[in-house]
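What follows is a short report on a single structure.
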Amino acid sequence: LSLQESLLLKSLGLSTKPSPKTHGPVPCVLWRIFQRRKTLPSTSKDLGDACRVEEFNVPGNIIRVFADQGHFIHNGQPPRLLCLRKRLYFNLSVLEEDERLTMAQLEIKFSHNSYPSPSQGQGLELRLYRSSRLALQGTPAPERGQKLLVERSFVQLHKSLVFDLSGVAKDWRTHSRNLGLILEITESSGDGASALGSGGCTSINSFLDTSLLVVTLSQQQCRASRRRRR
Amino acid sequence: SAEPPPVTPSSLCKPRRLYISFSDVGWENWIIAPQGYLANYCLGECPFPLTAELNSTNHAILQTMVHSLDPEGTPQPCCVPVRLSPISILYYDNSDNVVLRHYEDMVVDECGC
């Protein structure tokens, strides 16, 4: 069986048989796509092209959700308004050589929606930086040449915030080393901030974790089928 | 030339059931879903005269005709998949990430000559 098995694995685009150490939960976005495709009749036009992910309208036949392997950063006395600072790291090295990355979406998850009362002041600000070598050595500081990717303020915390990081992830694949990201959430620096005290960060307690959804196109598998289709 | 033996409907070219069970090959520890799937395969004859429901090409019609005149010289056309559909497989990779992968042409829906 080992010869047949290795040939079958190869045809499935796998160099070896995976042997997972833990069986984590299946992200609901993957489960939803899987179920939708399973329930479609094989003759359905909606089934579309197996080399295109209709849900995100991008080319691709492989969707992965990477768990964050980064850690919280506690360096010295945190700035007054800081609620959370975390390094995010997603190990994209598992992508096969012939896979072309077509989309990457960061999801920041909270355990529940939170609606702070108006008296709790201005809300929160979220910043996402590309991590740099300097940031990994010491206290990360925006002026240390870290590139700001996302800056957003929000009052209500929804269960999850989603950001498109396709450009950064493609860059990690082609040019630069993947040193991860730095996520900072602070109390808004508006005039209400002074009244906040530490109360402004309470809604951050519902922070759960982050994950990166990545869509890739296996050129070898999809080129062959496109040729056949032509 | 000898009359060809009567072709019973069951021997005509059509999809036959083939269920692939991933647990049979010991893959259940890394494949999350499905547990297996109906791959099917094509089997059966493409006899002269080729009827419409046999999904045949013009060339196959010609070849069956030649085969009926010269069975030793020209074989019958082959019974092959003419419509296939993809499947999706959810699995764990070696880094314990969950992967959803779509594979084209994994299920035989229709056969033809």
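Chain A is the first sequence line, chain B the second, and so forth, proteins listed ahead of strands; every chain is numbered from 1. Everything numeric in this text was worked out from a predicted model, so none of it was measured.
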Query raised in the report: Less than 4.5 Å apart, any side-chain heavy atom of B:V98 and any of A:W31?
Result: no
Query raised in the report: What is the minimum heavy-atom distance between A:L30 and B:L100, and which atoms define it?
Result: O-CD2, 3.7 Å
Query raised in the report: So with a 6.0 Å cut-off around CG of B:N58, is the heavy-atom count from everything else above 12?
Result: no
Report summary line: Distance col, row B:D93:CG vs A:T16:OG1, nearest 0.5 angstrom, shows 9.5 Å
Query - Nearest non-hydrogen partners of B:W30 and A:L9, listed with the distance - result: CZ2-CD2, 3.8 Å
Requested in this report: Check the pair B:H102, A:I33 against side-chain contact (heavy atoms from CB on, under 4.5 Å), reporting the backbone distance first and the verdict last.
Outcome: CA-CA 10 Å; B:H102 304 322; A:I33 297 174; 4.3 Å; yes
Query raised in the report: Looking at CG of B:D96 and CG of A:N91, how far apart are the two atoms once the value is rounded to the nearest 0.5 Å?
Result: 11.5 Å
Requested in this report: Enter the distance from B:S95:OG to A:Q69:CD here, rounded to the nearest 0.5 Å.
Outcome: 7.5 Å
Report summary line: Here the gap from B:I89 atom CD1 to A:I62 atom CD1, rounded to the nearest 0.5 Å, amounts to 11.5 Å
Query raised in the report: So what's closer than 4.5 Å to chain A heavy atoms on B:Y37: side chain, backbone, both or neither?
Result: neither
Query raised in the report: What are the two closest non-hydrogen atoms of B:N29 and A:H23, and how far apart are they?
Result: O-NE2, 2.6 Å
Report summary line: Heavy-atom closest pair (B:V25 atom, A:E5 atom, distance to 0.1 Å) is O-OE2, 3.8 Å
Query - Beyond-backbone contact of A:L12 with B:M106, side-chain heavy atoms, under 4.5 angstrom - result: yes
Query raised in the report: Any side-chain heavy-atom pair from B:I32 and A:F34 closer than 4.5 angstrom?
Result: no
Report summary line: Shortest non-hydrogen pair, A:K17 vs B:N94, comes out as O-OD1, 4.3 Å
Report task. Kindly say whether A:K21 contributes a backbone atom to a donor-acceptor pair with the side chain of B:Y92 at under 3.5 angstrom? Result -> no
